[in-house]
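Presented below is the structure to which this report refers.
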Amino acid sequence: MTNPIADFGKARTLLVTGSNTSENHPIIAHHMRRAIRRGTKLLLLEPRDIPLAGLATVWLRHRPGTDVAVLNAMMNVIVSEDLHDHQYIQERTEGFEEFRRVIEQYSPQRAQEISGVSADDIVLAARIYASERPSSIAYAMGITQHVTGTDNVKSLANLAMLCGNVGVEGGGVNPLRGQNNVQGACDMGALPNVFSGYQQVADLAARQKMSQAWGVPFESLPDKPGLTITEILDGAESGQVKALYIMGENPMLSDPDSGHVEKALGHLDFLVVQDIFLTETARLADVVLPAAAYAEREGTYTNTERRVQLSRQAVPPPGQARPDWQIISELARRLDHGWNYSSAEEIFTELAVVTPQYRGITYERLRQGEQLCWPCPTPGHPGTPILHVGRFARGLGKFHAIEYLPPAELPDKKYPLLLTTGRVLQHFHTGTMTRKAAGLEALAPRPFIEVNPADARRLGISGSAPVRVISRRGQIELEARIDERVDCGVVFIPFHYFEAAANRLTNTALDPVAKIPEFKVCAVRLERAG
Amino acid sequence: MSTIKLFIDGKEVEVERGTTILKAAGQAGVRIPTLCHHPDLEPYGGCRLCIVKVEGMRGMPPSCITEVAEGMKVTTEDDEILAARRTVLRLLLADHTYDCLRCRANLDCELQKLTEELGVREHGLIPVLRESTIDESNPLFVRDMNRCVRCARCIRTCQEIIGLGAIDFLGRGHAVEVGPFANQPIAESICESCGECVVHCPTGALSFREQPPRPDRKETVICPYCGTGCSIELHVRRDRVVAASGDRHSEVNRGLLCLKGRFGSFPYLHDPERLTRPLVRKRGELVECDWDEALDLVAQKFRQHRGEAFAAFSSAKVANEDNYLMQKFSREVQGSNSVDHCARL
Ligand code: SF4
Ligand code: SF4
Ligand code: SF4
Ligand code: FES
């Protein structure tokens with residue numbers, strides 16, 4: 001996030017898109033709803049009738065995957081009505097003219113044809129966003145899990161810059177991260193192209209710096225960016241990748257097209273899975289290593305607003321389970337690297353030295369209750385809750401000229417419905433943790449598919465009937481829930497349930513830049529089962 | 001911030017302008033009994049237990065909603081005030097299911113404590129039989145409206161803090177009770193099962209189904225679920241986590257939790273299906289082994305597959321330290337940049 005969570009309470013307009021905030025980030029939704037009660041306007045760009053829809057001043061209910069068309073049209077309105085922030089654009093951004101030529105092609109009428117949202121609502125939303133400032137944008141996986149995910153995010157950034165909403169209190173472009181340490185995993189360099197702190201592996205100086213800090217010969221660090229998760233799985237299938245070390249992930253449930261995942265993992269010469277449960281993925285491993293859970297060891301986590309927080313050890317790990325960092329260190333020692341870390345704190349001290357954004361953070365400061373959002377470059381630095389104040393990190397903010405592209409797989413005669421996937425309030429991700437809590441499981445025990453009443457009538461499906469859902473990649477059976485939360489022609493399945501894993505159906509088509517699979521949209525058909 | 005002076009039970013105190021008599025008394029070390037008041041919530045003034053006398057003012061104003069004024073002379077208790085408080089309490093008890101031994105809130109109930117403090121054991125009135133809703137639709141908490149004292153703390157919590165307004169007063173007169181729209185079962189309402197109303201209820205009208213034993217200690221952790229990063233206090237007894245509550249010191253959640261954090265952050269820790277020993281595949285089966293055997297085997301295999309033949313999935317669920325070491329391991333030890341995690345997913 002460019003801004004802290006508390007800033008949602010300072011915005012006069014909130015644009016929420018691709019986020020079912022009250023179910024996926026409930027405490028953030030509290031901040032939003034309290035603001036709305038005080039008069040903040042909510043603009044919602046969202047295909048499903050989520051709980052926040054009832055509070056929206058304007059609800060743009062678009063067809064899944066048509067975000068860019070709607071956003072471009074909003075910006076078209078803002079520029080043609082001269083509501084944009086001339087001074088901000090002049091002083092702080094570049095690329096405006098080229099961008100302007102593209103959005104001029106997107107009249108509200110054209111966007112209405114593409115997205116199904118009324119042109120009047122687009123105009124209204126555009127006026128509110130541009131005039132009731134500061135305006136804050138919040139988005140989540142509904143924006144990124146598309147082949148056009150990167151385009152969607154850039155379009156949101158365009159909109160925010162157009163109205164001078166970046167680098168101000170109560171504004172910003174704010175991704176709501178789905179898991180507790182997505183931000184930290186990225187910051188720490190668990191990515192194929194960067195070391196911690198987003199220092200490029202291809203950059204000579206970065207490799208020199210790391211090799212010195214780690215005490216290894218400079219040539220031993222590879223300079224070519226590695227493979228992403230989806231490419232690793234393809235590499236396993238083609239035989240390029242032979243050994244895979246999986247820590248705390250369950251790709252059998254969380255990755256698209258699980259049939260393909262299983263096949264890929266089967267091709268490996270050696271699979272190690274390190275986890276707290278014998279997950280669907282661990283069952284396929286050659287070696288399974290038992291890890292300590294979060295409450296069984298000390299460690300830091302970085303939340304969606306870049307706040308680095310210390311989590312204490314509450315209880316000992318069960319049996320012989322060990323903290324992940326200890327297991328990795330043991331392996332390194334056996335492979336002739338003298339790693340002798342004695343605590344998580346010692347590792348943090350090392351990573352703070354080589355990670356510029358974390359340099360000023362220590363366990364000691366966190367223990368004293370200091371609340372630190374990175375960048376925190378020096379020991380006394382108070383942290384940086386708001387990014388891009390006065391100046392963008394890269395200098396000038398860049399407008400991107402973005403054309404609308406349809407999703408990779410659209411409904412057709414054979415697969416006439418659009419499937420989108422997501423979460424429910426009671427469960428988390430692949431359900432391995434939440435489904436062990438009896439109360440939560442009792443509230444949401446069964447997988448289901450939401451079907452619009454009109455579609456249900458046409459297909460002869462009635463309430464809670466078992467149905468079969470079929471895509472080009474696989475099929476699952478589950479209970480139908482007839483509900484207007486989804487629009488006509490659209491169906492929704494939560495992805496927490498192994499007994500009806502939604503990702504047997506989803507598409508592996510990737511966003512070309514971010515390499516995020518298109519979970520949110522694929523084509524399916526429905527049949528009555530049983 | 002300007003301050004004013006006033007007298008509480010004859011003692012001079014200096015407080016901020018705009019505070020209530022109740023808060024001023026608290027600063028002077030004088031405790032006034034309250035019931036509907038809660039420091040997390042806006043002043044309300046519903047129950048009249050906190051009444052006081054103010055020189056020159058008629059009647060007995062509730063101290064929780066009455067602002068202080070310069071030179072004000074407040075009496076927080078005398079025979080008349082005490083008698084009035086006892087009457088208020090008797091009326092509350094007259095239509096309350098008064099069988100504390102069978103109540104989940106027994107020994108942890110503000111109403112019970114008030115009866116003790118004010119010496120009201122029997123209400124001495126004709127009991128009013130209530131047949132109010134008992135709603136057991138939610139697997140996490142129970143609503144027994146026969147034990148409700150209509151303080152509206154739950155309603156105000158859901159409105160002011162959660163911003164949702166899932167519940168309100170329904171019906172009239174004696175039949176008034178709290179419930180979701182049209183008194184449907186709470187599990188079918190817009191309620192998000194966060195449990196904050198239960199935390200803020202002074203009686204056993206709202207209670208969690210799970211009744212954990214008293215913890216030996218509390219430890220502060222970060223919620224293992226979404227990216228909000230709420231701070232949780234885990235209640236630990238004999239090295240087992242028995243409950244979770246929100247950490248009031250956190251700027252992120254200020255004591256609040258959602259249902260995943262409150263109810264889902266610890267049961268899985270002690271699940272019998274947790275992995276407790278390393279496993280290796282022998283003749284097709286995963287069998288238990290000791291750490292040395294497992295690690296030696298992994299090291300031997302990893303030695304054979306370095307560079308592009310090696311890849312690692314790190315994780316958005318584990319700590320920064322683990323992620324840092326995983327990418328360092330992949331790059332430094334295995335010579336591979338193919339390390340990724342499922343942030344994208
Ligand atoms: S349910 Fe509890 S908090 Fe709500 S009004 Fe009744 S006693 Fe007060
Ligand atoms: S559990 Fe939470 S959402 Fe439900 S009524 Fe209580 S405060 Fe409101
Ligand atoms: S308590 Fe709820 S909102 Fe807070 S981090 Fe956990 S899952 Fe997210
Ligand atoms: S506590 Fe003041 S009126 Fe209830």
Side-chain angles (χ1 to χ4, degrees), chain A residues 25-27 33-34 177 179 182 184-185 188-190 192 222 226-229 232 241-249 254 270 286-288 290 294-295 299-301 303-304 309 311-312 314-315 318-320 324-325 328 332 334-335 337 344 347 351 371 428 433-434 436-437 439-440 442 516, chain B residues 139-140 162-163 219-222 224-230 234 236 239 251 253 258 263-264 267-269 271 274-281 294-295 298-299 301 305 309-325 327 329 332-333 335 337-338 340-341 343-345:
Chain A
H25 298 87
I27 299 292
R33 283 190 303 234
R34 286 195 299 259
R177 311 283 183 194
Q179 302 185 54
V182 173
M188 290 301 109
L227 307 176
T228 63
I229 284 207
I232 290 170
V241 174
K242 297 207 163 22
L244 178 58
Y245 184 4
I246 300 182
M247 166 171 72
E249 292 283 9
S254 61
F270 193 62
D286 296 291
V287 175
V288 180
Y294 79 106
T300 58
Y301 301 82
N303 79 351
T304 192
Q309 307 195 94
S311 183
R312 316 283 177 119
V315 290
Q320 298 180 12
D324 289 297
W325 62 264
I328 303 170
R334 274 162 220 255
L335 290 160
H337 289 252
I347 300 166
L351 73 86
Q371 308 266 341
F428 181 73
M433 289 139 69
T434 41
K436 300 271 181 333
L440 300 185
I516 301 179
Chain B
L140 302 167
I162 311 303
E219 298 290 345
T220 309
V221 297
I222 302 303
Y225 294 120
C226 84
T228 308
C230 295
L234 291 181
V236 182
D239 281 347
E251 278 183 19
N253 54 310
C258 80
F263 304 104
Y268 74 90
L269 297 173
D271 192 272
R274 279 291 299 277
L275 289 168
T276 56
R277 295 193 61 189
L279 309 172
V280 294
R281 193 169 293 279
L295 291 171
V298 176
K301 285 291 190 175
H305 301 300
F310 175 86
F313 288 5
S314 203
S315 170
K317 291 197 281 279
V318 306
N320 287 330
E321 291 77 4
D322 310 306
N323 274 294
Y324 173 79
L325 275 204
Q327 60 95 29
F329 180 84
E332 176 189 317
V333 180
N337 279 323
S338 295
D340 199 1
H341 69 285
R344 306 150 194 275
L345 310 181

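Letters go in sequence order (proteins before strands), and every chain restarts at 1.
- Both the backbone and the side chain of B:Glu321 come within less than 4.5 Å of a heavy atom in chain A.
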(request) Evaluate side chain to side chain contact (heavy atoms under 4.5 Å, CB included) for A:Met247 paired with B:Ser314, printing each intermediate quantity in order. (result) CA-CA 5 Å; A:Met247 166 171 72; B:Ser314 203; 3.4 Å; yes
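- Smallest separation of non-hydrogen atoms from A:Gly189 and B:Gln327: O-CB, 3.2 Å.
- For the set A:Val315, A:Thr300, A:Leu351, the count of heavy-atom pairs under 4.5 angstrom toward chain B peaks at A:Thr300.
- Ranked by heavy-atom pairs under 4.5 Å with chain B, the first of A:Gly439, A:Ala332, A:Gly248, A:Pro222 is A:Pro222.
- Between chain B and the residues A:Ile246, A:Leu335, A:Leu440, the largest count of heavy-atom pairs under 4.5 Å involves A:Leu335.
- Listed options B:Pro139, B:Ala312, B:Ala299, B:Cys226 were ranked by heavy-atom pairs under 4.5 angstrom with chain A; first place goes to B:Cys226.
- Annotation: maximal heavy-atom pairing with chain B below 4.5 Å, among A:Ala314, A:Gly319, A:Ala344, occurs at A:Ala314.
- Residue with the most contacts toward chain A among B:Val221, B:Asp271, B:Asp322: B:Asp322 (heavy-atom pairs, distance under 4.5 Å).
- Heavy-atom distances place both the backbone and the side chain of B:Leu325 under 4.5 Å from chain A.
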(request) Let me see the working for A:Asn303 and A:Arg177 under side chain to side chain contact (heavy atoms under 4.5 Å, CB included), right down to the final yes or no. (result) CA-CA 8 Å; A:Asn303 79 351; A:Arg177 311 283 183 194; over 6 Å; no
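- Residues A:Pro318 and B:Thr276 meet the side-chain proximity criterion, which asks for heavy atoms closer than 4.5 Å.
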(message) Quick one, B:Leu269 with B:Arg274, criterion side chain to side chain contact (heavy atoms under 4.5 Å, CB included). Give me CA distance, side-chain angles, the key distance, then yes/no.
(response) CA-CA 7 Å; B:Leu269 297 173; B:Arg274 279 291 299 277; 4.3 Å; yes
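- Ranked by non-hydrogen atom pairs under 4.5 Å with chain A, the options B:Val280, B:Asn253, B:Asp239 are led by B:Asp239.
- For a residue to count as touching a neighbouring chain, one of its non-hydrogen atoms must lie under 4.5 Å from one of that chain's; by this rule B:Leu234 touches chain A with the side chain only.
- The shortest non-hydrogen separation linking B:Ala316 to B:His341 is CB-CD2, 4.0 Å.
- Heavy-atom pairs under 4.5 Å with chain A were tallied for B:Cys258, B:Pro267, B:Pro278, B:Gly229; the largest tally goes to B:Pro278.
- Heavy-atom minimum distance, B:Asn320 versus A:Gly184: OD1-CA, 3.1 Å.
- Across A:Ala437, A:Ala295, A:Ala190, the residue that shares the most heavy-atom pairs under 4.5 angstrom with chain B is A:Ala190.
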(message) Pair B:Asp340, A:Leu227 - check side chain to side chain contact (heavy atoms under 4.5 Å, CB included), show working.
(response) CA-CA 8 Å; B:Asp340 199 1; A:Leu227 307 176; over 6 Å; no
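- Looking at A:Tyr294, the atoms closer than 4.5 Å to chain B (heavy atoms on both sides) all sit in the side chain, from C-beta outward.
- Applying the ring pair (Phe, Tyr, Trp, His ring centres under 6.0 Å) rule to A:Tyr245 yields the partners B:Phe302, B:Phe329; only residues at least two apart in sequence or on another chain are considered.
- Ranking B:Ser315, B:Gly163, B:Ala294 against chain A, the residue ahead of the rest is B:Ser315, based on heavy-atom pairs under 4.5 Å.
- The greatest number of non-hydrogen atom pairs below 4.5 Å with chain A, out of B:Ser338, B:Gly264, B:Gly335, is found for B:Ser338.
- Between B:Pro224 and B:Tyr268 the shortest side-chain heavy-atom distance falls below 4.5 Å.
- Contacts of B:Lys301 classified as salt bridge (Lys or Arg N to Asp or Glu O under 4.0 Å), with partners at least two apart in sequence or in another chain: A:Asp269.
- If you tally non-hydrogen atom pairs under 4.5 Å between each of A:Arg33, A:Lys242, A:Arg34 and chain B, the highest count goes to A:Arg33.
- Both the backbone and the side chain of B:Val298 come within contact range of chain A, judged by heavy atoms closer than 4.5 Å.
- Proximity to chain B involves both the backbone and the side chain of A:Ile328, based on heavy atoms less than 4.5 angstrom apart.
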